[in-house]
Amino acid sequence: MPLQKVRPGTVHRLRPDISVLADSLEVPGIGHIPVNAFVLLGAEPVVVDTGLGLPDRNFVEALASVLDPADVRWIWLTHPDRDHTGGIFDLLAAAPKARVVTTFIGAGILSCEHPLPLDRAHLVNPGETLDIGDRTLTGFRPPLFDNPATVGFFDDHSGVCFSSDCFGAPLPTADLAQADDVRDVAVEDLRTAQLLWATVDSPWVQTVDVEKYLRTFDSLKDRKPDLVLSTHLPPAAGITGAMLDTLATAPSAPPFVGPDQAALEQMLASFHPDGGGP
């Protein structure tokens, strides 16, 4: 039996121009981790990340419930980890006019799996912008990240922040992980889960100069996005300040220590009480 259990994704239309392709993974001992991709229906449609690459997932088919994949013009890859790139090459085939927004490092990492044609790459570093016709997207480095290529962005038209892994939280059920509003989660439960995620996904936060770390919040404080869309959290409206207050305590949170081999063997035994194999 696999250590991770999965369920098919769902689609939420948050606003006329923003949809969430919501999915999740269950990790025993951690919880159900949201895994979202997003569609931004600007004048030049943008897909933000491309979900999981599991055999029972078809990202292009899921995307087709929101728009014709051939109409996609930009694929903003917030970073090239496997939970963000599952459907990227299928989408590139289905969307011949689309270009991948990434960094120089991101293009290199992505090409370790499958060569990314450089004429289909568009490099955007933190602080740089992308004009998609009816709005400008401004790249930024989120306060927490687990990959050096990470670039989230602010949409100046909708006031939305796309934060990549930052603000993520494992949740107790798949229904909560794939909800359309994080306010379905109790406030203290969300705080605890976000601190757990911070120490799992960005363990370096417990070694930083705290004053320098807190200054990385400035772009979020200045822009005050009314909606934050994280890959690993249900949509978060109206709570940006509270989430930043939570992240401010991450450097002093208890460090995460994963299961050891004895715990793994106990886990396997619970899957097969008779001690036998699959």
Side-chain angles (χ1 to χ4, degrees), residues 1-12 19-28 30-40 45-96 98-103 105-118 120-122 145-152 162-166 168-171 174 177-178 197 200-202 229-234 258 278:
M1 180 179 291
L3 293 183
Q4 295 182 333
K5 300 177 182 179
V6 299
R7 61 172 270 172
T10 53
V11 177
H12 304 299
S19 292
V20 183
L21 306 181
D23 207 340
S24 63
L25 282 173
E26 181 184 5
V27 180
I30 299 291
H32 294 261
I33 299 175
V35 183
N36 301 317
F38 306 98
V39 181
L40 182 58
V46 181
V47 172
V48 184
D49 293 329
T50 61
L52 298 165
L54 295 165
D56 64 343
R57 301 302 202 268
N58 187 324
F59 183 80
V60 173
E61 183 178 275
L63 177 64
S65 69
V66 178
L67 85 165
D68 184 340
D71 291 336
V72 175
R73 292 297 179 268
W74 303 98
I75 305 167
W76 190 298
L77 184 63
T78 66
H79 62 284
D81 285 353
R82 291 295 293 122
D83 53 339
H84 298 252
T85 64
I88 194 165
F89 291 108
D90 288 341
L91 180 54
L92 281 170
R99 298 177 70 183
V100 178
V101 182
T102 184
T103 65
I105 294 173
I109 294 172
L110 186 63
S111 295
C112 290
E113 178 184 358
H114 189 289
L116 173 66
L118 291 182
R120 300 198 68 181
H122 185 92
F145 56 91
D146 70 351
N147 186 298
T150 299
V151 182
F162 293 79
S163 68
S164 192
D165 283 7
C166 190
L171 297 171
Q178 294 179 204
W197 180 253
V200 170
D201 197 55
S202 305
L229 297 178
S230 168
T231 306
H232 300 303
L233 188 76

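In what follows, residues are counted from 1 in the order of the sequence shown. In this text the structure is predicted, and so the values were computed from the model without any measurement.
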Which heavy atom in [X] sits nearest to a heavy atom in [Y], and how many Å separate them?
X	Y	answer
L233	G168	CB-CA, 4.2 Å
P170	I33	CB-CG1, 4.1 Å
W76	V151	NE1-O, 3.0 Å
S202	F145	OG-O, 3.1 Å
P115	P117	O-CD, 3.5 Å
L52	S24	CD1-O, 4.4 Å

Task: Criterion side-chain contact (heavy atoms from CB on, under 4.5 Å) on L77 and V101, from CA distance to verdict - done: CA-CA 6 Å; L77 184 63; V101 182; over 6 Å; no

- [ ] Would you mind listing every salt bridge (Lys or Arg N to Asp or Glu O under 4.0 Å) that reaches into residues 66-76, with sequence neighbours excluded?
- [x] none

[X] side chain vs [Y] backbone, donor-acceptor pair below 3.5 Å:
X	Y	answer
H232	P34	yes
R99	I75	no
S65	A62	yes
T85	I88	no
D81	D83	no

Student check: side-chain heavy atoms of [X] and [Y] closer than 4.5 Å:
X	Y	value
L63	V39	yes
T231	V48	no
L25	H32	no
P69	L91	yes
T10	Q178	yes
N36	D49	no

TODO: Could you list the residues that satisfy side-chain hydrogen bond (donor to acceptor under 3.5 Å, both in side chains) with D201, not counting sequence neighbours?
DONE: none

Hey, could you give me the [atom1]/[atom2] distance between [X] and [Y], rounded to the nearest 0.5 Å?
X	Y	atom1	atom2	answer
L92	L116	CG	CG	6.5 Å
T102	R120	OG1	CZ	14.5 Å
D165	D146	CG	CG	4.5 Å
W197	L171	CH2	CG	11.0 Å

Open item on the list: For W74 and H122, take the angle between the two ring planes, folded into 0 to 90°, and tell me which bin it lands in: parallel under 30, tilted 30 to 60, perpendicular over 60.
Closed with: perpendicular

Open item on the list: side-chain contact (heavy atoms from CB on, under 4.5 Å), that's the test. Do H84 and T78 meet it? Break it down for me.
Closed with: CA-CA 8 Å; H84 298 252; T78 66; 3.3 Å; yes

Task: Flag for H79-S164: side-chain donor and acceptor within less than 3.5 Å - done: yes

- [ ] Name all residues meeting the salt bridge (charged side-chain N to carboxylate O under 4.0 Å, His left out) criterion together with E61; count only those two or more places apart in sequence or in a different chain, and write none if there are none.
- [x] none

